[in-house]
Protein chains: 2
Amino acid sequence: MTNTGPSERVTIYDVAHAARVSTATASKALNDTGRVSLETRDRIKRVARELGFRPNALARSLTRKRSFSVGLLTNDTYGRFTLPLMAGISEGLIDHGVSVFLCAIGDNPDLARIHVNAMLDKQVDGIIATGKRIDKPLPVDLTRLSVPVVYALTAGPSNAVTLVSDDRQGATAAVNHLLAQGRRRIAHVTGPSDFQVVHERASAFAQALDEVGATTHARVLFGSWSEHWGHQAIEALWSGADKPDGIFCGNDQIARGVVDALRERGVSVPDDVSVVGFDNWEIVAKETRPPLTTVDMNLKELGRQAGLALLRLVNGEAVETGVWKLPCSLIVRSS
Amino acid sequence: MTNTGPSERVTIYDVAHAARVSTATASKALNDTGRVSLETRDRIKRVARELGFRPNALARSLTRKRSFSVGLLTNDTYGRFTLPLMAGISEGLIDHGVSVFLCAIGDNPDLARIHVNAMLDKQVDGIIATGKRIDKPLPVDLTRLSVPVVYALTAGPSNAVTLVSDDRQGATAAVNHLLAQGRRRIAHVTGPSDFQVVHERASAFAQALDEVGATTHARVLFGSWSEHWGHQAIEALWSGADKPDGIFCGNDQIARGVVDALRERGVSVPDDVSVVGFDNWEIVAKETRPPLTTVDMNLKELGRQAGLALLRLVNGEAVETGVWKLPCSLIVRSS
DNA sequence: ACAGCCTGAGAAATCGGTTTCTCAACGCGT
DNA sequence: ACGCGTTGAGAAACCGATTTCTCAGGCTGT
């Protein structure tokens, strides 16, 4: 029963011959197109199944002018954002028979160019550009391509579809959670002020406090995206009077630093101070003691939507351009 | 100067027509094959350049029976291993015009089957299977495929090429580093005992100590791959007499927990105790206080080699089967 | 001057499908 | 019995390359 030889692939000619019809009829039968009697259609399908026929996607793509593959460009080397996104894209597209070429281009424009050209040569139906931050574009111009492009978590031109998480809504949910815990002296320890998301989150933070009239104790501290900065911030906050009872952090690493620093000072989380992070990077959030309450950007869903949006563009369907903000979810743990 | 219309692609017919030759001659000229006069060859190449001709890879693949794309299968959802590997594979293959289909299959056999079929339909030249651990296979059988398969960081059949990091060598380097610091009472805090790498590292640990006759104080503690376990292990070690002055950890997360726990006990790292981790997961290792000395598995290089090995198999070249162990590097930081 | 070889180039087949066009056979209404 | 529309199926063109085969013309040797 061993499969001798390199198992020559079964072509549509083999199927047609075995079913005693022409390849034209075979093709029409297998694709449920054209005029073929039900009887013949079934017979051909049965024969195809028996022979284990699998159409050569390359040949099909050549005439259909659809390769059923798309390119995914990323400059995220750690994969912290890319892989969840990728998983979502892949999941959303595999149902439509679409596969994904992944290209990690870093910040190298030449490498990016090479990869984009390779993808275009392979006739990708479209491209998804992803990055780490929404206010910087990838190091390559994708606006003059002959295929549609969708941007996710990276800056795109205004006439394109760009998907991002709704950081404002996420931040609001985080602050409202702190308020619901009865916290009123809330600080925001966040990343570098040249990130657009930093401003969005900070502005939502301020507004949410404003709405309950709790602005008196509101403070925003800008720094870096590191645990180290979380420590420093606590040092600064605890060296003054009016210590906060709630801290909303710009990401989980900062939150991790904040929680660790508080513990080292003997401040109990969440009894004395409640802390909320951002990103739901499980490897950090779950290992923090106590596990971190944080905002999840639903990257997988964002990826799915990006994939489906690209598919609609490929099919020539109308798609609303501009920035799509997808909701974040608050993941409540013990902090 | 705007690009009106969907910019019809330039085909080899256009080039041939513009250069007043047949497509046969054009093809031969552009590929530096066949018999074409130098003069004609140059003219055709010039025309092709002027027209911006880029051959349709699909059409080319159809006759050449080489798609110049390979599939990458992974069950690693966080991308901690996959993305560096991917970057290496991609980097090694792009020079050869080969692109990579990435499929995240998790632990779902059906999904895996679907993706493998999609890749085969798209005529991938080969497949690279990657995972998180070398003693478990992916949830799909790749042994009866019509294309070559290379395994990286996952279990493969013995007659295939499997690339893994040389954990024994890496662990030896780690222990020797501790010994070079003058440490003699060394413990090994590592992951679950049902991981093969855990045994390899532990065995290398024991052997390295044996060679300098320092086995008296050698202890191996098995646990989980978490920071939490690092804390617990320190608690256990410090509750007895004969506390270690050097700790080799099974991964960076454990090491992170160990270092944090030591700091909380007022034990100085590295003055009182030296700690070495494993993985060089920078996001953990660099943020540990002090930054972690750790073993890097050189995953990018491993990926590059996996890609090149696959390419050789695709080209029908002889490749030594079995397990290839690639060296690890010790990254010395301050711990 | 003629057979034989080499060179450069094109015609045509091919890869594995899809799609358009054509056509024979059949049913139906009158 | 005749015209007409419908149906099922095949022949052939096509997608965009590569590759084999063929052949005219020039060169060489005797």
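Since this is a predicted model, take the numbers as computed values, not measurements.
- Using a 4.0 Å cut-off between a side-chain N of Lys or Arg and a carboxylate O of Asp or Glu, Glu50(A) and Arg46(A) qualify as a salt bridge.
- Within 4.0 Å (heavy atoms only), Ser27(B) reaches at least one base atom of the nucleic acid.
- Between Thr11(B) and dG16(D), a side-chain N or O to OP1/OP2 separation shorter than 4.0 Å is absent.
- Residue Thr40(A) is classed as a sugar-phosphate contact, given heavy-atom separations below 4.0 Å to backbone atoms only.
- In this structure, Ile12(A) places its CD1 atom 11 Å from P of dT19(C), rounding to the nearest Å.
- Looking at Asp32(B) and Arg41(B), a side-chain N of the basic residue comes within less than 4.0 Å of a carboxylate O on the acidic one, giving a salt bridge.
- You'll find a donor-acceptor pair under 3.5 Å spanning the side chain of Lys28(B) and the base of dG10(C), going by distance alone.
- At the heavy-atom level, Arg60(B) lies under 4.0 Å from the strands shown only through sugar-phosphate atoms.
- For Phe101(B), the ring-ring contact (aromatic ring centres under 6.0 Å, His included) test picks out Phe101(A), with sequence neighbours left out.
- Residue Arg41(A) is out of contact with every strand shown, counting any heavy-atom pair closer than 4.0 Å.
- At a threshold of 4.0 angstrom between heavy atoms, the contacts of Arg64(A) are confined to the sugar-phosphate backbone, with no base atom among them.
- Nearest-nucleotide positions on DNA chain D place Leu38(A) closer to the 5' end than the other of Thr63(B) and Leu38(A).
- Between Asn31(B) and dT18(D) there is a side-chain polar atom (N or O) within less than 4.0 angstrom of OP1 or OP2.
- Electrostatic pairing of Asp76(A) and Lys132(A) does not count as a salt bridge here, judged by no charged N lying under 4.0 Å from a carboxylate O.
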